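Quick caveat, the model's predicted, so the values are computed rather than measured. Atom set for the values below is all heavy atoms of this structure, side chains included, hydrogens, waters and symmetry mates excluded.
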Amino acid sequence: MTESTKYRLVSIDAWRDYEGGWTWNNWCTVEDGVYLGNDITARRLLRFMRQSGWLTSASKGRVSIDWHNEMMEPMIEILDKSTGEPLLAFTTIHGSE
């Protein structure tokens with residue numbers, strides 16, 4: 001059995017900043033309490049997201065994953081591959097939430 005981390009899946013509204021990157025403007029919760037194994041791969045995650053209905057089959061080859069681990073707070077962003085725009089993200093849920 002592998003360890004897993006509890007995440008919240010959010011949909012992201014973002015805008016381009018003056019340096020050409022993306023800034024989250026707003027987000028809304030799509031799903032709470034999603035458990036992902038700590039050994040999850042990009043391919044497994046995208047398959048899981050398509051099976052769960054969070055991504056369509058049309059997203060194949062059109063999205064990428066950006067893994068963050070800042071200050072021990074893991075976050076996984078799903079990005080539009082051609083623009084880098086963040087579309088969805090898995091953010092860590094803490095025990096008191």
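- Between the OG atom in Ser64 and the CD1 atom in Ile78 there is a gap of 8.0 Å [rounded to 0.5 Å].
- Heavy atoms from other residues, nucleotides or ligands lying under 6.0 Å from CZ of Arg16 number more than 12.
- Checked by atom type, the side-chain pair Glu77/Trp24 shows a donor-acceptor distance below 3.5 Å.
- Between Ile40 and Trp67 the shortest side-chain heavy-atom distance falls below 4.5 Å.
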For residues 25-36, run the donor-acceptor check on the side chains, cut-off 3.5 Å, and write out each pair with its distance to 0.1 Å, sequence neighbours left out.
from  : atom 1 : to    : atom 2 : distance (Å)
Asn25 : ND2    : Asp13 : OD2    : 2.7
Asp32 : OD1    : Arg8  : NE     : 2.5
Asp32 : OD1    : Arg8  : NH2    : 3.2

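- Under a hydrophobic clustering in which Ile, Leu, Val, Met, Phe, Trp and Tyr are joined whenever their side-chain heavy atoms come within less than 4.5 Å, directly or via other members, Val63 and Trp22 fall into different clusters.
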*Give the intermediate values and the outcome of side-chain contact (heavy atoms from CB on, under 4.5 Å) for residues Ile12 and Leu87.*
CA-CA 5 Å; Ile12 303 166; Leu87 306 171; over 6 Å; no

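- Here Ser59 pairs with Arg50 under the side chain to side chain donor-acceptor pair (under 3.5 Å) rule; sequence neighbours left out.
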*Go through Thr91 and Tyr7 one step at a time and tell me if the side-chain contact (heavy atoms from CB on, under 4.5 Å) criterion holds.*
CA-CA 5 Å; Thr91 61; Tyr7 289 92; 5.6 Å; no

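- Within the 4.5 Å cutoff, no side-chain heavy atoms of Val10 are placed close to those of Leu88.
- Atom CZ of residue Arg47 and atom NZ of residue Lys60 lie 10.0 Å apart, to the nearest 0.5 angstrom.
- The side-chain heavy atoms of Phe90 and Lys6, taken from C-beta on, include no pair separated by under 4.5 Å.
- Across every non-hydrogen atom of Leu79 and Gly84, the tightest pair is CD2-O, 3.7 Å.
- Residues that satisfy the ring pair (Phe, Tyr, Trp, His ring centres under 6.0 Å) test with Trp54, not counting sequence neighbours, are Phe48.
- Atom CG in Asp66 sits 10.5 Å away from atom CD1 in Ile76 (nearest 0.5 Å).
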